Amino acid sequence: MTFWRILGIVVLLIAAGGGYYGYTNYLHAQTVTSSIVTVAPVSEAIYGTGTVEPQRWAKVVPLQRRRLVELCSCEGQQVKAGQVLGRQDDAEERSALQELQVSNQQAQRDLDRAEKDRGKSDAAQTEYEQRWTQFEESKTRIAAQKVRIDALVLRAPLDGMVLRRDGEVGEIAGPTDVLFWVGPPAPMQVVAEINEEEINRIVVGQKALLRSEAFPGQALRASVSQITPKGDPTRKTFRVYLLLPPDTPLRIGMSVEANIIFREKASALVVPAEAVAGNAVQVVVNDRIERVPVTVGIRGSRNVEIVGDVSRGMAVLSPARIDLAEGTKVRIENSQARQASPAASAPSEAAPDQDTASPPPAPVAAATTEPDNAVISAAISAHIDSVVNDARRNVGKYSASR
């Protein structure tokens, strides 16, 4: 085969490849899905889980392991500090007290007799002093025994309401058993656990949005009132206290998911997170792709804020198609076109399962006419969105590899 023939074949192959590339990228319209750039409020939040508790309350536990002989039926009732709530079996202690009292009476008689003779001789004076010491020791033992008996009485530690009572008469209870929860029912707070990697973003006064299975779809509010200085090195979390408003529908003991807002804007250009690839978006102008560099601002799992040469109403590829070159002719598939709008931002009502020991942070991007409702909606579905986005990215990689 001559050199010229080989050269001709090479030229034909290059021409064929170039023609195919031009056809697939510039003449043949690629089918894509798109979203519309919109203006909406956007926020980022830190995720945590917590429990509703009164701000001031205390547990009542027995000091000794004994059988319960009395418990009040006082759940939901107001009590005063020191009021008797229950008793443990003290028969053994009372029997010992009775013996001590008998011994004390004998010591009193011996002391009276020695006092009559104390001036007769030195021996009598010495005996009087010994009898007096024995009598005082007897009184001390009686006082100590009364303290032991009193320790078997369960009393309210502070003024408030009996929030809960556990245990029944006849059961054996000890220091590990909580029999009563007592405290003022209001004000209430949420004690939340926050990942140690996110705690530096939280400060007192930040707004928090809560979600509870008991009130689906409601944006329950709170605010950061306190942050525990020392974290838990085992669970790698910090405790954060969220103060609830007086009109909250939450009840003591309920578990909630908390999203603490640390960044927010009332108005921003937003697109779906999947539309951004390589710090750029692909806009569709005259049925062709143009790559526009952007800076990502507040980032969420559903929507992200973008800053760049884009404006409201522009169509952007969503998900991004990094396999398509700039200038490629495209056809938008209307049946799957999406828009960064309130409808697109609405989350599933189903709650994702969360790992309370080490929950990942859930940044939130909201796009509705109601800023708070948008934030809570996006926050609720943040983890589901992350899974969906990961799946879409994996599908794109798999398709590209084929």
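What you see is a predicted model; the values in this text were computed from it and never measured.
In this structure, K230 and F238 approach most closely via the heavy-atom pair C-CE2, 3.8 Å. Here the closest heavy-atom approach between residue F180 and residue L85 is recorded as CZ-O, 3.5 Å. In this structure, A268 and V42 approach most closely via the heavy-atom pair CB-CG1, 3.6 Å. Looking at every heavy atom in both residues, P62 comes nearest to D177 through CD-O, 3.2 Å. What you find for V281 and A275 is that their closest heavy atoms are CG1-O, 3.7 Å. Between V162 and C74, the shortest heavy-atom contact is CB-O, 3.2 Å.
With respect to the salt-bridge test (charged N to carboxylate O, under 4.0 angstrom), the residues R239 and E193 qualify. Note on R148 versus D90: no salt bridge recorded, every NZ/NE/NH1/NH2 to OD/OE distance being 4.0 Å or above. Contact check on D112 versus R109 returns no salt bridge, with no Lys/Arg side-chain nitrogen under 4.0 Å from an Asp/Glu carboxylate oxygen. With respect to D166 and K59, no salt bridge is recorded, no charged nitrogen being found less than 4.0 Å from a carboxylate O.
No more than 12 heavy atoms of other residues, nucleotides or ligands lie within 6.0 Å of CZ in R164, so this atom counts as exposed by the packing criterion. Under a cut-off of 6.0 angstrom, the local environment of CG in D309 is sparse, with at most 12 non-hydrogen atoms contributed by other residues, nucleotides or ligands. The number of heavy-atom neighbours closer than 6.0 Å to CG of L158, taken from other residues, nucleotides and ligands shown, is above 12. Residue Q106 places its CD atom among more than 12 non-hydrogen atoms of other residues, nucleotides or ligands, all under 6.0 Å distant.
If you run side chain to side chain contact (heavy atoms under 4.5 Å, CB included) between L210 and each of L220, V52, T248, N259, only L220 comes through. Applying salt bridge (Lys or Arg N to Asp or Glu O under 4.0 Å) to E93 and the options R87, K146, R66 leaves one that passes, R66.
Using a 3.5 Å distance cut-off with no hydrogens or angles, the side chains of Q108 and N104 do not pair a donor with an acceptor.
The backbone N or O of E129 sits less than 3.5 Å from a side-chain atom of T133, completing a donor-acceptor pair. Looking only at distances, no side-chain donor or acceptor of E53 sits under 3.5 Å from a matching main-chain atom of V191. Proximity of a side-chain donor or acceptor of Q88 to a complementary backbone N or O of A173 within less than 3.5 Å is detected.
Using a 4.5 Å cut-off on side-chain heavy atoms (C-beta onward), Q55 and L243 make contact. A heavy-atom distance below 4.5 Å is not found between the side chains of V307 and L269.
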Before you tell me yes or no, could you show the steps for R118 and W132 under side-chain contact (heavy atoms from CB on, under 4.5 Å), namely the whole-Å CA-CA distance, both residues' side-chain angles and the distance that decides it to 0.1 Å?
CA-CA 11 Å; R118 61 183 297 187; W132 182 86; over 6 Å; no
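Taking CD1 from I298 and CD from E264, the interatomic distance works out to 8.0 Å, rounded to the nearest 0.5 Å. Atom OH of residue Y128 and atom CD of residue E115 lie 4.5 Å apart, to the nearest 0.5 angstrom.
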